[in-house]
Amino acid sequence: MPYDPKRIEPRWQSHWRERGTFRAEIDPSRPKYYVLDMFPYPSGAGLHVGHPKGYIATDVLARWKRMRGFNVLHPMGWDAFGLPAEQYAIETGTHPRVTTRRNIETFKRQIESLGFSYDWSREIDTTDPGYVRWTQWIFARLFERGLAYEAEVPVNWCPALGTVLANEEVIDGKSERGGHPVVRLPMKQWMLRITAYADRLLEDLGELDWPEPIKKMQRDWIGRSEGARVRFAVADHDGVEIEVFTTRPDTLFGATYMVLAPEHALVPRITTAAQREAVAAYVEAAKRRSERARIADAKTKSGVATGAFAVNPVNGERVPIWIADYVLAGYGTGAIMAVPAHDERDFEFATAFGLPIRKVVEGTGQELPSTGDGVSVDSGLISGLPTSEAKRRIVAWLESEGRGEGTVTYKLRDWLFSRQRYWGEPFPVLHLEDGSVKLVPESELPVTLPELDDFRPAGERETPLERAREWMQTVDAETGRPARRDRNTMPQWAGSCWYFLRFVDPRNEREPFSREAERYWMPVDLYVGGAEHAVLHLLYSRFWHKVLYDLGLVHTKEPFRKLVNQGMILGASYRYFDDDVADDGRADVRRYSFREVRAEGDGTVAMDDGRPVKARWVPAAQVRSEDGRAWHAELPGLELEEVIEKMSKSRGNVVNPDEVVAEHGADSMRLYEMFLGPIDKEAPWTTEGILGVSRFLQRAWRLLVDEDAPGEPGRALPAGAGTPEQRRLVATTVQGVTDDLEAMRFNTAIAKLMVFVRDVAKDAPLPREAALAFVKLLAPFAPHIAEELWEKLGHRESIAYAPWPEADPALLVADTVTIAVQVNGKRRAEVAVPSDADDDAVRAAALASENVRRHLEGKTPRKVIVVKGRLVNVVL
RNA sequence: GCCCGGGUGGCGGAAUUGGUAGACGCGCUAGCCUCAGGAGCUAGUGAGGGCAACCUCGUGCUGGUUCGAAUCCAGUCCCGGGCACCA
């Protein structure tokens, strides 16, 4: 019988499960390696082939590290709180706990079928009360340190979802999930003081082995900028000052007007009677204007003069005060000094409203606005100074005069940490009647969710928890006084902020994790997940980790030493177009192939009469391919356009791993995903492509197994290491695969294994030592077949801990090398020379080559360049 | 608009440091095997020319540096992602 993964794979999976092969225990005598996947949210749809790509990569490395003697921690769990289960509960009444449990079962079955070497005894579920307890416990520590506080803040309220959202969850004025409109409302909310850690979050990025783009995104998100606060007196208002933030205090002499954000507190106070009406109208309009509209015409500046004037502290000049929505209330002080000559936005505004423009920096180009550094001019005490020195001097002067000071601001805001939802961690706090807030005593943790049968918000601005009236009303166990529970729950990010710490000691009931386990296993050596978490999860968990560091609970400043973002797996989807733009399914719909339409503006229109059309996606099952083109199986003559894009249900291009495993086996699936290309790049899935790696495994199988003999024994292999060629092939394969694994070049490692199988038994039978080395090299990638072959080679122990082979350095250098010979840079011949031949010998051999002589045409070379082991270039 | 990635055969992708472009795989072609094959095996496969040995062209485009450029430099076009009035 040929290689049959269906027979082999379940057998080894239960073998590993039963023996606890991948159970990890603390062992100070061995070096540890903690390799972690970003744990998934178990959605109802199950996995598609894109999800496991990162898991396969980490599993290959985990298995490889074990074979190299590392004590490997490789856990998996579930980020199981979250909106979809709750939305489903609202629609169907099914408790999110039930949905979540069912989804976890599906995910776990699918993940296990791929043969990952997780230590399942460490499985975590963030919704488990035993986990929630410690999430709440950490929140309590944040609260004690003043890092969690309640504040009345304008929040992103999403009426459709019935909740507020974090800034990060709002994109272009719409919710990230579902794309529902979001409005700004003031509400009392829990906030986490992540801004207190802004500098450390920024600085410590330096030491991390993370992709540069991700680090940069975090830096930009934190958005540190150095500058100064400057106070301008408001003319004719005794003691009233406007404080502005600027990164260019050196341009203070060029300030020709000021701008307040429409929401600025001073606006009503300083507006003159003549301007009152216009200002009120503008403020009102700005309030109504959606985020989206503001962004859309960011280039058109609008604003209104307040009629008031401010006094520039450096020269006593009176400058008009305007309000405009290009100044944001939430950044800096919500007010700016406008220097139109040296700021693009101020320049646009000044041009639009005819305000004066005064140049105070020279040497940055003639065209205004010029925003670069130069030399200050017409600037009193800083005239003639270069920008950096001018900044220093003017800040010193402002400080000595009490008119301002040097300061730093951040784009990063405090983290809005509460949600008006049911399916999340309750806050472990009590609201007492006197309005004070205290923590639920530690002995009372966890605070568990009340049972509900209706999960909708309880009313306009009321939360689902408020339906549980008895649960909400409680008593403070310490004083016996009546108390109200918090009506909010934590956001989904909470559980994932520290799960990597729980994995080191997941069943601890006395503390979140033991000091011993944390000291041994942390930090995470390799963390693999999607780039979509670049700022959110990764910034939040770094923040929590630093708080725990300050509490002495963890011993490293940073949780994740090395980070890798796996690229997506894309699928082919197919589409045509029709003119039923309104989706009303009328009968006379006209259909178009992609060849009959063109893009116009934001949409697509028919080429013949220009009517708008809409794309229709055709599930793969209804696509017929013929002479290299795709056709609709049920609508004859309708040619479909193939589009390679992210897999998603709506596109009908999702490939289910269950089907792939059933047809080709888990080992082929693992190998294929790793063979597709570099791990961090996206790559399209094709059904034919997997046949290549499947064939490779079959060949490997036949190389080692006698399929015709009864019981399919391993072949009787000659003892020893074989011919010199075979020994050399083993050595170069071992070295190559090892180097590739070190650099996570899985695709080229697999290519080298393919070459090995192709060539090793070409001229002589496969020797036993070569077979042993090969099976070990294969094991991290295709563990099931490797175990099976390992057993057939006579081993009783799992290959999981077999020592990784080492290459004999002596075999890595060939006896003879083939050298390319160029004449004037063009390749004309090849010569074989001994690898230790000196340059003169190589040169002689090259010049003696027939084709080279022909191209020399009897001339004497001007120069001959010899690159050792590579080539010879003869220059005429 | 700004900041990152990336453009290599029909396709996915290889190519230590500037040194034989196209490893490996898919697909395709031919042959073998077969009752049959969406199975297996062998060979071929960047384009063009030539019976052949070989020759010419070729890594988005235009220049440059170099004995030699996919690789370095300058400019430019296209694709993907991130940020987007942050003073």
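In what follows, chains are A, B, ... by sequence order, proteins preceding strands, each numbered from 1. Quick caveat, the model's predicted, so the values are computed rather than measured.
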Lys/Arg N to Asp/Glu carboxylate O, [X] vs [Y], below 4.0 Å:
| X | Y | value |
| --- | --- | --- |
| A:Glu682 | A:Lys53 | no |
| A:Arg231 | A:Glu243 | yes |
| A:Arg745 | A:Glu742 | no |

Just name whichever nucleotide pairs with [N], Watson-Crick or G-U, keeping both distances under 3.5 Å, else none.
| N | result |
| --- | --- |
| B:U71 | none |
| B:U34 | none |
| B:C54 | B:G49 |
| B:U29 | B:A43 |
| B:G1 | B:C83 |

How far does the [atom1] atom of [N] sit from the matching atom of [M], given to the nearest Å?
| N | M | atom1 | answer |
| --- | --- | --- | --- |
| B:G6 | B:C54 | C1' | 37 Å |
| B:G13 | B:G46 | C1' | 15 Å |
| B:U42 | B:A53 | P | 25 Å |
| B:U59 | B:C78 | C1' | 16 Å |
| B:G7 | B:A15 | P | 12 Å |
| B:A30 | B:C24 | C1' | 22 Å |
| B:G81 | B:C72 | C1' | 26 Å |
| B:U66 | B:G12 | C1' | 34 Å |

Checklist entry - Quick one: does A:Lys752 reach the base of B:C24 with a side-chain donor-acceptor pair under 3.5 Å? => result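 Such a pair does not exist between side chain and base.
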
Look only at the side chain of [X] and the backbone of [Y], and say whether a donor-acceptor pair between them is shorter than 3.5 Å.
| X | Y | answer |
| --- | --- | --- |
| A:Tyr672 | A:Thr686 | yes |
| A:Thr371 | A:Asp343 | no |
| A:Asn851 | A:Arg828 | yes |
| A:Asn312 | A:Leu252 | yes |
| A:His342 | A:Thr251 | no |

Rounded interatomic separation in angstrom, taking [atom1] from [X] and [atom2] from [N]:
| X | N | atom1 | atom2 | value |
| --- | --- | --- | --- | --- |
| A:Glu682 | B:C4 | CD | P | 20 Å |
| A:Leu260 | B:C85 | CG | P | 19 Å |
| A:Trp685 | B:G25 | CH2 | P | 18 Å |
| A:Ile644 | B:C79 | CD1 | P | 17 Å |
| A:Tyr257 | B:A87 | OH | P | 16 Å |
| A:Leu871 | B:A15 | CG | C1' | 14 Å |
| A:Gln735 | B:U16 | CD | C1' | 13 Å |
| A:Lys411 | B:C85 | NZ | P | 8 Å |

Just checking [X]: base, sugar-phosphate only, or nothing, at a heavy-atom cut-off of under 4.0 Å?
| X | answer |
| --- | --- |
| A:Arg702 | sugar-phosphate |
| A:Val867 | base |
| A:Gln822 | base |
| A:Leu676 | sugar-phosphate |
| A:Ser225 | sugar-phosphate |
| A:Glu830 | base |
| A:Asn873 | base |
| A:Thr247 | sugar-phosphate |
| A:Lys216 | sugar-phosphate |

Next on the checklist: Students often mix this up, so state it plainly: with edges at 30° and 60°, are the rings of A:Trp701 and A:Tyr3 parallel, tilted or perpendicular?
Outcome noted: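 The rings of A:Trp701 and A:Tyr3 sit tilted, inter-plane angle from 30° to 60°.
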
Checklist entry - Which class fits the ring pair A:Phe349 and A:Phe353: parallel under 30°, tilted 30 to 60°, perpendicular over 60°? => result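 Plane angle between 30° and 60°, so tilted.
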
Checklist entry - A:Tyr326 ring centre to A:Lys301 NZ or CZ under 6.0 Å, with the angle to the axis within 45°? => result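 Pair A:Lys301/A:Tyr326 counts as cation-pi.
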
Verify the contact: side-chain N or O of [X] to OP1 or OP2 of [N], cut-off strictly under 4.0 Å; return yes or no.
| X | N | result |
| --- | --- | --- |
| A:Arg870 | B:U16 | no |
| A:Asn747 | B:A14 | yes |
| A:Arg699 | B:A39 | no |
| A:Arg695 | B:G40 | yes |

Checklist outcome for this item: Letter by letter from the 5' end, nucleotides 43-48 of chain B scores (B base, S sugar-phosphate only, - none; protein heavy atoms under 4.0 Å) ------

Item to check | Heavy-atom protein contacts under 4.0 Å, nucleotides 52-58 of chain B, coded B base, S sugar-phosphate only, - none | outcome: --SSSS-

Taking the side chain of [X] as heavy atoms from C-beta outward, which of [options] is closest to it?
| X | options | value |
| --- | --- | --- |
| A:Ile336 | B:A15, B:C67, B:A87 | B:A87 |
| A:Tyr326 | B:G12, B:C85, B:A23 | B:C85 |
| A:Arg758 | B:A15, B:U20, B:C24 | B:C24 |

Checklist entry - Is the glycosidic angle of B:G49 within 90° of 0, making it syn, or outside that range, making it anti? => result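 What B:G49 shows is an anti base, its glycosidic angle lying more than 90° from 0.
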
Checklist entry - Is it true that the side chains of A:Thr247 and A:Glu226 contain a donor and an acceptor less than 3.5 Å apart? => result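 No, because no side-chain N or O of A:Thr247 sits under 3.5 Å from a partner of the opposite role on A:Glu226.
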
Next on the checklist: Could you work out, with side-chain contact (heavy atoms from CB on, under 4.5 Å) as the rule, every residue matching A:Leu201, not counting sequence neighbours?
Outcome noted: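 A:Ile194, A:Tyr197, A:Ile222, A:Leu539, A:Arg542, A:Phe543, A:Lys546.
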
Checklist entry - Which of these passes side chain to side chain donor-acceptor pair (under 3.5 Å) with A:Tyr574: A:Glu641, A:Glu639, A:Arg651, A:Glu642? => result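 The option that passes is A:Glu642.
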
Checklist entry - With nearest nucleotides of RNA chain B determined for A:Phe245 and A:Pro213 from heavy-atom distances, which residue corresponds to the more 5′ nucleotide? => result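 Counting from the 5' end, the first nearest nucleotide belongs to A:Pro213.
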
Checklist entry - Start at the 5' end of RNA chain B and walk down; is the nucleotide closest to A:Glu663 or to A:Glu688 reached first? => result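 Closest to the 5' end, via its nearest nucleotide, is A:Glu688.
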
